[in-house]
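We use all heavy atoms of the structure for the numbers below, so side chains are in, but hydrogens, waters and symmetry mates are not.
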Amino acid sequence: MIGSTPRHLMLGAAALLASTSLAPAQDMAALEEAAKKEGMLTTIALPHNWCAYGDVIAGFKAKYPWIQVNELNPDAGSADELEAVRANKGNTGPQAPDVLDVGLAFGPQAAKEGLLQPYKVSNWDQISDDIKDPDGNWYAGYYGVMAFLVNEDLVTEMPTDWANLLDEEYAGQVALSGDPRASAQAILSVQAAGLSTGAEPGKAAAEAGLDYFKQMNANGNFVPVIGKAGTLAQGATPIVVAWDYNALSWRDSLNGNPPTQIVVPETGVLAGVYVQGISAHAPHPNAAKLWMEYLYSDEGQNLWLKGYCHPARFNAMVEAGSVPQELIDALPPADAYAKAVFPTLDQQAQNQEAVTGAWDQVVGANVQ
């Protein structure tokens with residue numbers, strides 16, 4: 001199980017190994033040539049302001065200008081990504097994704113369904129064993145913790161914890177950053193709320209979290225709109241529950257208009273890992289492998305870090321002196337993450353099943 005360790009010192013459970021092995025030059029050359037023949041890479045669910053994916057995609061294009069990057073549905077959730085693979089079996093057209101970026105619980109689900117093909121990146125040994133599939137179907141990319149992004153123009157009293165969001169002064173103000181029936185970010189927000197009540201990670205926290213949002217909805221505080229920077233700025237969702245890296249990126253994009261504050265709650269500090277994988281039905285499998293090599297290279301990992309996402313190879317890269325100090329300094333203070341809880345794979349699966357299966361019945365809010 002991933003431990004609770006300050007993020008500047010350790011990637012939670014990912015007590016990463018210090019190996020700095022790289023693929024032989026001839027192997028990379030052959031992969032690049034095969035990818036060049038394919039000429040395209042199709043991604044899905046990669047908003048440009050999520051983990052600095054705009055810079056990541058631009059960096060990949062600059063390094064491999066002969067690969068066209070086809071971006072599908074940037075605002076899709078993890079469940080939507082899996083459905084896109086299912087729906088496009090045998091389809092070699094532009095609607096078939098090559099690569100996936102999904103919440104941790106969705107990696108094993110996709111592998112079990114045969115939706116992923118194995119591939120171990122050159123830096124495989126620098127990813128902790130407990131957050132990667134031993135066969136290489138999926139592996140951790142980065143993590144963050146759940147936080148509140150608050151519009152200071154509209155919210156006068158800053159909430160400091162989950163319990164505050166149930167108070168009447170936050171009527172019509174609180175939104176999730178995804179549909180809790182499909183988005184890993186929203187599904188884990190429910191678990192985080194449940195953890196804040198003292199419930200154990202997994203099914204218990206999921207059920208407590210569902211009851212929490214039932215109460216929030218009954219109080220009139222919950223806004224059934226997918227929250228993001230634009231809805232927060234417009235005043236439709238003055239408080240958005242989101243991963244810290246998304247909140248920080250949105251804050252930067254808003255540039256003080258409106259002024260915002262990011263709150264890591266005092267309890268229910270849930271950390272979530274996102275994983276990468278290649279579709280078993282990828283029309284461009286070699287371009288997909290090259291994309292994975294780029295993501296796990298020093299360049300790709302530092303670009304994720306630039307977007308406030310803590311990358312899988314962080315410890316090994318710090319030890320090797322490969323992380324610019326300004327990127328480390330831009331991270332929030334380590335003590336805000338000292339209480340972070342990393343649910344196990346089994347606990348994540350329990351939570352996902354409980355939340356997606358009972359949201360409509362218990363909470364009854366159609367988030368769109």
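For L270 against A192, the heavy-atom pair with the smallest separation is CB-CB, 3.7 Å. Taking all atoms of both residues into account, the shortest heavy-atom contact from A282 to Q117 is CB-NE2, 4.0 Å. Minimum interatomic distance between A358 and L210 (heavy atoms only, all atoms of both residues): CB-CD1, 3.8 Å. A pairwise comparison of heavy atoms in V225 and V367 identifies C-CG1, 4.2 Å as the closest pair. Pairing each heavy atom of F213 with each of S189, the nearest pair is CE1-O, 4.1 Å. The two residues L305 and V323 come nearest to each other via the heavy atoms CD2-CG1, 3.5 Å.
Under the 3.5 Å distance criterion, the side-chain polar atoms of S78 are matched with a main-chain donor or acceptor of G103. In this structure, the side chain of D153 does not engage the main chain of P258 through any donor-acceptor pair within 3.5 Å. Between the side chain of E71 and the main chain of T42, no donor-acceptor pair closer than 3.5 Å is present. No side-chain donor-acceptor contact under 3.5 Å links N73 to the backbone of I44. With hydrogens and angles ignored, the 3.5 Å screen pairs no side-chain donor or acceptor of E81 with any backbone N or O of L100. Proximity of a side-chain donor or acceptor of D80 to a complementary backbone N or O of G77 within less than 3.5 Å is detected. Although no hydrogens or angles enter the test, the distance criterion places no donor-acceptor pair under 3.5 Å between the side chain of D252 and the main chain of S249.
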Exercise for the section: Decide yes or no on side chain to side chain contact (heavy atoms under 4.5 Å, CB included) for Q173 and L165, but give the supporting numbers first. Expected result: CA-CA 9 Å; Q173 293 194 331; L165 299 182; over 6 Å; no
Exercise for the section: Dump the intermediate steps for side chain to side chain contact (heavy atoms under 4.5 Å, CB included) on L72 and Q95, then the final yes or no. Expected result: CA-CA 7 Å; L72 301 176; Q95 294 305 308; 3.8 Å; yes
Problem - Derivation and outcome, side chain to side chain contact (heavy atoms under 4.5 Å, CB included), residues M158 and N164 - result: CA-CA 9 Å; M158 284 298 122; N164 299 145; over 6 Å; no
Exercise for the section: Please assess W243 against L188 for the test side chain to side chain contact (heavy atoms under 4.5 Å, CB included), listing each intermediate value before the final yes or no. Expected result: CA-CA 10 Å; W243 292 122; L188 288 167; 3.6 Å; yes
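Under the 3.5 Å distance criterion, with hydrogens and angles disregarded, a donor-acceptor pair is assigned to the side chains of D130 and S128. With no hydrogens or angles considered, a side-chain donor-acceptor pair links D346 and Q350 at under 3.5 Å. Using a 3.5 Å distance cut-off with no hydrogens or angles, the side chains of Q185 and N246 do pair a donor with an acceptor.
D98 places none of its side-chain heavy atoms less than 4.5 Å from the side chain of W291. The side-chain heavy atoms of P108 and D133, taken from C-beta on, include no pair separated by under 4.5 Å. Between Q191 and P201 there is a side-chain heavy-atom pair separated by less than 4.5 Å. Looking at V275 and I131, their side chains never come closer than 4.5 Å, going by heavy atoms from C-beta outward. A heavy-atom distance below 4.5 Å is found between the side chains of D298 and R313. Side-chain contact between N221 and M216 is present, with heavy atoms from C-beta onward closer than 4.5 Å. With a 4.5 Å cut-off on side-chain heavy atoms, K306 and L327 count as touching. Counting only heavy atoms from C-beta outward, the side chains of L195 and T267 never approach each other to under 4.5 Å.
Around CD of Q361, the count of heavy atoms belonging to other residues, nucleotides or ligands within 6.0 Å does not exceed 12. K203 NZ: 12 or fewer foreign heavy atoms inside a 6.0 Å radius. Within 6.0 Å of CD in E353 there are 12 or fewer heavy atoms belonging to other residues, nucleotides or ligands. With a 6.0 Å radius and a threshold of 12 heavy atoms from other residues, nucleotides or ligands, Q325 has its CD atom above the threshold. Heavy atoms of other residues, nucleotides or ligands lying less than 6.0 angstrom from NZ of K214 number 12 at most. Surrounding CD of E83 are more than 12 heavy atoms belonging to other residues, nucleotides or ligands, all under 6.0 Å away. The number of heavy atoms from other shown groups lying within 6.0 Å of CG (N366) is above 12.
The aromatic ring centres of W50 and Y245 sit less than 6.0 Å apart. Under the 6.0 Å cut-off for aromatic ring centres, W162 and F148 qualify, their centroids lying closer than that.
Put simply, F222 and V263 are part of the same group of oily side chains (I, L, V, M, F, W, Y) that touch within less than 4.5 Å, one to the next. Linking ILVMFWY residues whenever their side-chain heavy atoms come closer than 4.5 Å, directly or via other members, places Y294 and M28 in the same cluster. Cluster annotation: L166 is not connected to V223 through the hydrophobic network of ILVMFWY side chains, with a link wherever side-chain heavy atoms come within less than 4.5 Å. Two different hydrophobic clusters hold L154 and V174 under the rule that ILVMFWY side chains link at heavy-atom gaps under 4.5 Å. The same ILVMFWY cluster, assembled from side-chain heavy atoms under 4.5 Å apart, contains both L345 and L116.
Note that OG1 of T43 is 5.0 Å distant from CD1 of I57, once rounded to the nearest 0.5 Å. Going from atom OH of Y64 over to atom CG of L290 covers 4.0 Å, rounded to the nearest 0.5 Å. A distance of 12.0 Å separates OG in S196 from CE in M146, rounded to the nearest 0.5 Å. Here the CD atom belonging to E32 is positioned 11.5 Å from the CG atom belonging to N286, to the nearest 0.5 angstrom. Rounded to the nearest 0.5 Å, atoms NZ (K228) and CG (N49) are 9.0 Å apart. Between atom CG of residue L331 and atom NE2 of residue H310 there is a gap of 6.5 Å, rounded to the nearest 0.5 Å.
Under 4.0 Å is where a charged nitrogen must lie from a carboxylate oxygen, and between K36 and E33 no such pair does.
With T260 as the partner, the side chain to side chain contact (heavy atoms under 4.5 Å, CB included) test is satisfied by one option alone out of L232, V155, V150: L232. For the side chain to side chain contact (heavy atoms under 4.5 Å, CB included) test with T237, the passing option among I226, T231, L176 is T231; the others fail. Results of the ring pair (Phe, Tyr, Trp, His ring centres under 6.0 Å) test with Y142 over W304, F314, Y296 single out W304 as the only residue that passes.
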